[in-house]
Structures are given as structure tokens and as C-alpha cells.
Participant: 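The structure that follows is given in the form of C-alpha cells.
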Amino acid sequence: MATLDELIRAFRRAENAVPVAERAAEAKVRAAREARTAARLALAEGIVTAWHEGTSQAEIARQTGYSREQVRRILRAAGVEPG
């Protein structure tokens, strides 16, 4: 059986590990959000490129899972007026 001193040390180690784990988790979430933003911007650029290459708005919507209105918004944000 562990001594009281050993149990106290184990508890303090465990207690000190919590903020370290929280900071690591926050960093992972931040990195994942940044990656998501970068991927969303790249997808928007790809949508504009596909539109210029002749892919229909309906086909872009089907492939991306976005609504046709969302595709229109993305194109308009890039200065393209879908017709």
C-alpha cells in the first residue's frame, strides 16, 4: 500500500497534468480550426475555378454538398456573377 506522501505526490502530479492537457487540447483545436478555414478558402477557390472551366452551378452544388444558393454566394464573393 502506498504511503500518504506517495499518494499526495501522485495527486499533485495528476492535478498539475490537467492544465498541461488543457493547453495541448486548445492548441489542437486551434490548429484544426485554422486547417478548416484554409480548406474552406481553398474549396471556394476551386469552386470559382470549376465555374470558369464550365462546370455548372448545379454540378458544383452536387459535388460539394453546398446548396446552389451557397455556391452563388461563393461565386459572387469572388466577383463572379453566375448566370
Participant: Which atoms form the tightest heavy-atom contact between L75 and W51, and what is the distance?
Facilitator: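 That closest heavy-atom pairing would be CD2-CB, 3.7 Å.
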Participant: Using a 3.5 Å distance criterion without hydrogens, assess whether the side chain of E6 forms a donor-acceptor pair with backbone atoms of T3.
Facilitator: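 Present.
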Participant: Could you please spell out the steps behind the side-chain contact (heavy atoms from CB on, under 4.5 Å) verdict for Y66 and I74?
Facilitator: CA-CA 10 Å; Y66 286 161; I74 291 167; 3.5 Å; yes
Participant: So which heavy atom on V20 is nearest to which on N16, and how close?
Facilitator: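 Minimum heavy-atom separation between V20 and N16: CG2-O, 3.6 Å.
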Participant: Any salt bridge linking E15 with R12? Criterion: basic side-chain nitrogen under 4.0 Å from a carboxylate oxygen.
Facilitator: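 R12 and E15: not salt-bridged.
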Participant: Tell me, do T37 and E34 make a side-chain contact under 4.5 Å, heavy atoms counted?
Facilitator: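 No, every pair of side-chain atoms sits at 4.5 Å or beyond.
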Participant: So, R23 and E26, do they make that salt bridge, N to O below 4.0 Å?
Facilitator: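 Looking at E26 together with R23, the answer is no, because their closest N to O distance does not fall below 4.0 Å.
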Participant: Kindly compute the distance separating OG (S56) from CZ (R62), expressed to the nearest 0.5 Å.
Facilitator: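 Between atom OG of S56 and atom CZ of R62 there are 9.0 Å.
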Participant: How many angstroms lie between CD1 in I47 and CD in Q70, if you round to the nearest 0.5 Å?
Facilitator: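 The distance works out to 8.0 Å.
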Participant: What distance do L43 atom CG and Q63 atom CD have between them, rounded to the nearest 0.5 Å?
Facilitator: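 Reported value, rounded in 0.5 Å steps: 10.5 Å.
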Participant: Work out which heavy atom in A61 is nearest to a heavy atom in R68; give both atom names and the distance.
Facilitator: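 Distance-wise, the nearest heavy atoms are CB-CG, 3.8 Å.
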